[in-house]
2 protein chains.
Amino acid sequence: MIGPPDVTDLPPDAKINEPRLRLLLAAESVFARKGFDGATVRDICDRAGMNIAAINYHFGDKERLYIETVRHAHSCSVADAGPALDHSGLPPAERLRAFIAGMLRNMDAPVRPESMQLLMRELSQPSPATISVVEDFIRPMAMGLFAILAELLPEMPDRQRLMVGFSVVGQCLYYRQNRTVSTLLFGAAAVDALTLDAVTEHITRFTFAALGLAGDYPSVVRREGAV
Amino acid sequence: MIGPPDVTDLPPDAKINEPRLRLLLAAESVFARKGFDGATVRDICDRAGMNIAAINYHFGDKERLYIETVRHAHSCSVADAGPALDHSGLPPAERLRAFIAGMLRNMDAPVRPESMQLLMRELSQPSPATISVVEDFIRPMAMGLFAILAELLPEMPDRQRLMVGFSVVGQCLYYRQNRTVSTLLFGAAAVDALTLDAVTEHITRFTFAALGLAGDYPSVVRREGAV
DNA sequence: GTCCGTTTCAAACACCTGTTGCAAACGATA
DNA sequence: TATCGTTTGCAACAGGTGTTTGAAACGGAC
């Protein structure tokens with residue numbers, strides 16, 4: 001009959017509710033690896049060093065724990081990606097370059113890998129928690145990209161500009177979403193050789209060449225010996 | 001003490017073992033929607049109109065049913081994609097164009113959508129069944145693409161050519177792997193407007209322009225009014 | 001019909017799941 | 001110290017899970 005503590009009006013950076021945080025972090029790890037159905041509350045509580053009843057007390061039930069875990073993971077990722085450099089003063093081509101580099105960097109070595117893993121799982125298999133992730137985490141990125149593209153390609157029809165954006169994002173996401181398959185196909189050595197810098201440079205050149213902006217950057221084929 | 005029937009030496013196209021096939025199809029549907037952990041053997045058997053014990057009798061246990069389901073789904077997809085046109089006589093640029101069109105077509109409207117759904121799930125979350133899927137289903141496609149690229153870009157270093165392949169495939173996969181998120185971001189109308197033909201033409205042009213093959217196809221930006 | 005291997009069925013099994021009650025322990029305040 | 005609200009721990013619950021059993025039903029072969 002005693003309700004779990006309301007977290008909405010707590011000082012956000014205080015270490016208050018540390019057990020709650022322990023649960024969230026443990027849940028993040030388990031959910032990221034096993035998914036919602038595969039994870040068990042006992043596993044989560046063991047990992048958090050707490051009792052089974054803690055989940056019921058702090059979150060009510062497993063589903064609300066999951067939603068809170070996803071929201072927490074996404075808010076951390078946003079916070080981590082937040083203090084990125086502000087490129088608002090640069091020309092659109094430079095901002096596109098920075099966008100590609102930033103997106104690849106965020107996905108390659110996120111501050112908290114398990115958060116990213118959970119978010120990617122959430123995006124590939126939408127759940128009730130997906131909408132808030134998309135709205136708060138993905139939409140700002142997407143709007144940023146399409147603001148750049150609108151400035152860069154002002155006369156292009158919206159539909160085509162959308163596909164250009166998808167081509168940029170699709171190239172970046174590939175390395176995150178299909179790394180396992182690529183490794184099975186070409187071996188760990190070949191895939192690991194594709195460092196963050198190499199991929200960043202490739203996607204940037206590929207995209208700029210496709211958009212006819214190769215004047216700013218050497219095209220892929222003209223400099224055959226390029227790395 | 002009576003073993004389940006050995007299927008390895010059966011005439012492949014006979015309707016023998018119809019109950020086994022019913023189970024496989026029902027399992028495919030359920031596994032595709034719920035995943036391995038989310039699916040229940042009772043749900044699968046109900047859908048197949050059979051008794052619970054049928055799974056144990058025909059496959060031994062749930063995990064072996066899953067593996068067989070994935071293998072069956074992938075073998076059907078291979079069979080469906082198999083009779084594609086043979087472009088071996090065409091120049092490499094034409095074959096690349098055909099590859100992009102074929103890959104998008106296969107993913108957009110597969111003969112058996114649930115098979116494709118199950119395969120995509122399998123690729124995003126590797127399981128013991130993933131390796132055989134990759135080897136039998138994905139590797140031939142990948143080898144086909146990189147044979148084309150080797151002919152098209154003979155002087156490009158292997159590592160860079162690998163990334164070019166990933167750029168092509170990444171653009172195509174995006175529409176399959178991230179359709180839900182795109183719809184949440186831009187609305188169903190905007191996403192549905194990206195027809196198979198429109199996406200095929202875009203990715204082809206984008207890729208050809210990036211590779212400096214724009215002479216064959218008008219670049220994206222030079223024809224501003226292009227669809 | 002009788003036999004035989006094969007397949008299906010209903011029922012139950014042992015186990016694990018998420019969830020809950022209740023008592024004990026905690027920590028600050030007076 | 002005593003008291004309060006808060007948090008944790010133990011044990012158990014009801015329900016669902018995958019799995020198995022043993023008997024019944026099927027379908028040909030003789």
Side-chain angles (χ1 to χ4, degrees), chain A residues 1-11 14-31 33-70 127-129, chain B residues 1-11 14-31 33-70 127-129:
Chain A
M1 53 202 62
I2 308 168
D6 193 357
V7 205
T8 55
D9 52 354
L10 285 178
K15 287 190 178 179
I16 292 182
N17 253 328
E18 187 216 324
R20 200 185 131 101
L21 186 61
R22 279 220 316 277
L23 266 179
L24 281 176
L25 294 180
E28 177 181 276
S29 168
V30 178
F31 282 139
R33 273 180 298 112
K34 309 277 188 71
F36 180 80
D37 290 316
T40 71
V41 293
R42 282 172 176 81
D43 189 5
I44 293 173
C45 289
D46 284 354
R47 198 167 291 264
M50 308 184 71
N51 192 273
I52 315 283
I55 284 185
N56 181 279
Y57 177 76
H58 287 284
F59 297 94
D61 58 12
K62 184 187 181 185
E63 183 167 350
R64 268 175 287 182
L65 167 64
Y66 180 76
I67 294 180
E68 286 305 309
T69 302
V70 172
S127 82
Chain B
M1 50 206 65
I2 308 169
D6 193 358
V7 207
T8 57
D9 52 353
L10 285 179
K15 286 189 177 177
I16 292 181
N17 252 327
E18 186 216 323
R20 201 185 131 99
L21 186 62
R22 279 221 315 278
L23 266 180
L24 281 177
L25 294 180
E28 176 181 276
S29 168
V30 177
F31 281 139
R33 272 179 298 112
K34 308 277 188 71
F36 180 81
D37 290 315
T40 71
V41 293
R42 283 171 176 79
D43 189 5
I44 293 173
C45 289
D46 284 354
R47 199 167 291 264
M50 307 183 72
N51 191 274
I52 315 283
I55 284 186
N56 181 279
Y57 178 75
H58 288 283
F59 297 94
D61 58 10
K62 184 187 181 186
E63 183 167 352
R64 268 175 287 182
L65 167 63
Y66 179 77
I67 295 180
E68 286 304 309
T69 302
V70 172
S127 82

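Residue numbers start from 1 in every chain, and the chains themselves are labelled A, B, ... in the order their sequence lines are given, proteins ahead of strands.
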Check your understanding: Starting at NE2 of A/His58 and ending at C1' of D/dT8, how long is that distance when rounded to a whole Å?
Key -> 8 Å
**Study point:** Overall bend - the helix from C/dG1-D/dC30 to C/dA30-D/dT1, comparing terminal axes fitted on five pairs, nearest 10 degrees
**Key:** 10°
**Study point:** Gap between atoms CD and C1', on A/Glu18 and D/dT6 respectively (whole Å)
**Key:** 16 Å
**Study point:** Position toward the 5' end of DNA chain C (nearest nucleotide), B/Ala54 or A/Thr40
**Key:** B/Ala54
Check your understanding: Can you tell me how far P of D/dG18 sits from CD of B/Glu63, to the nearest Å?
Key -> 13 Å
Point to revise | Side chains of A/Phe31 and A/Val70 in contact at under 4.5 Å (non-hydrogen atoms) | key: no
Exercise for review: For B/Lys62 and C/dC15, give me the distance from atom NZ to atom C1', rounded to whole Å.
Suggested key: 14 Å
Point to revise | All side chain to side chain donor-acceptor pair (under 3.5 Å) counterparts of B/Glu68, not counting sequence neighbours | key: none
Point to revise | Residue pair A/His58 / A/Leu23: nearest heavy atoms and the distance that separates them | key: CD2-CD1, 4.1 Å
Check your understanding: Which pairs pass salt bridge (charged side-chain N to carboxylate O under 4.0 Å, His left out) with one or both residues in residues 52-63 of chain A, sequence neighbours excluded?
Key -> A/Asp61-A/Arg64
Atom pairs under 3.5 Å: protein N/O with N/O of nucleotides 20-27 of chain D:
{"residue": "D/dT20", "atom": "OP2", "partner": "B/Asn56", "partner atom": "ND2", "Å": "2.5"}

**Study point:** Length of the CD1-P vector between A/Ile55 and C/dG21, whole Å
**Key:** 17 Å
Point to revise | Contact list for DNA chain C against residues 41-49 of chain A - heavy-atom distance below 4.0 Å | key: A/Val41, A/Arg42
Point to revise | Gap between atoms CG and C1', on B/Leu23 and D/dG18 respectively (whole Å) | key: 15 Å
Exercise for review: Could you check how far CZ of B/Phe59 sits from P of D/dT19, rounded to whole Å?
Suggested key: 13 Å
**Study point:** A/Asp37 CG - D/dT17 P separation (whole Å)
**Key:** 11 Å
Side-chain donor-acceptor contacts of residues 35-54 of chain A below 3.5 Å, not counting sequence neighbours, with atom names and distances?
{"residue": "A/Thr40", "atom": "OG1", "partner": "A/Asp43", "partner atom": "N", "Å": "3.1"}
{"residue": "A/Asn51", "atom": "OD1", "partner": "A/Ala53", "partner atom": "N", "Å": "3.0"}

Review point. Once you round to the nearest 0.5 Å, how far does CG of A/Leu24 lie from CG of A/Leu65?
Key: 6.5 Å
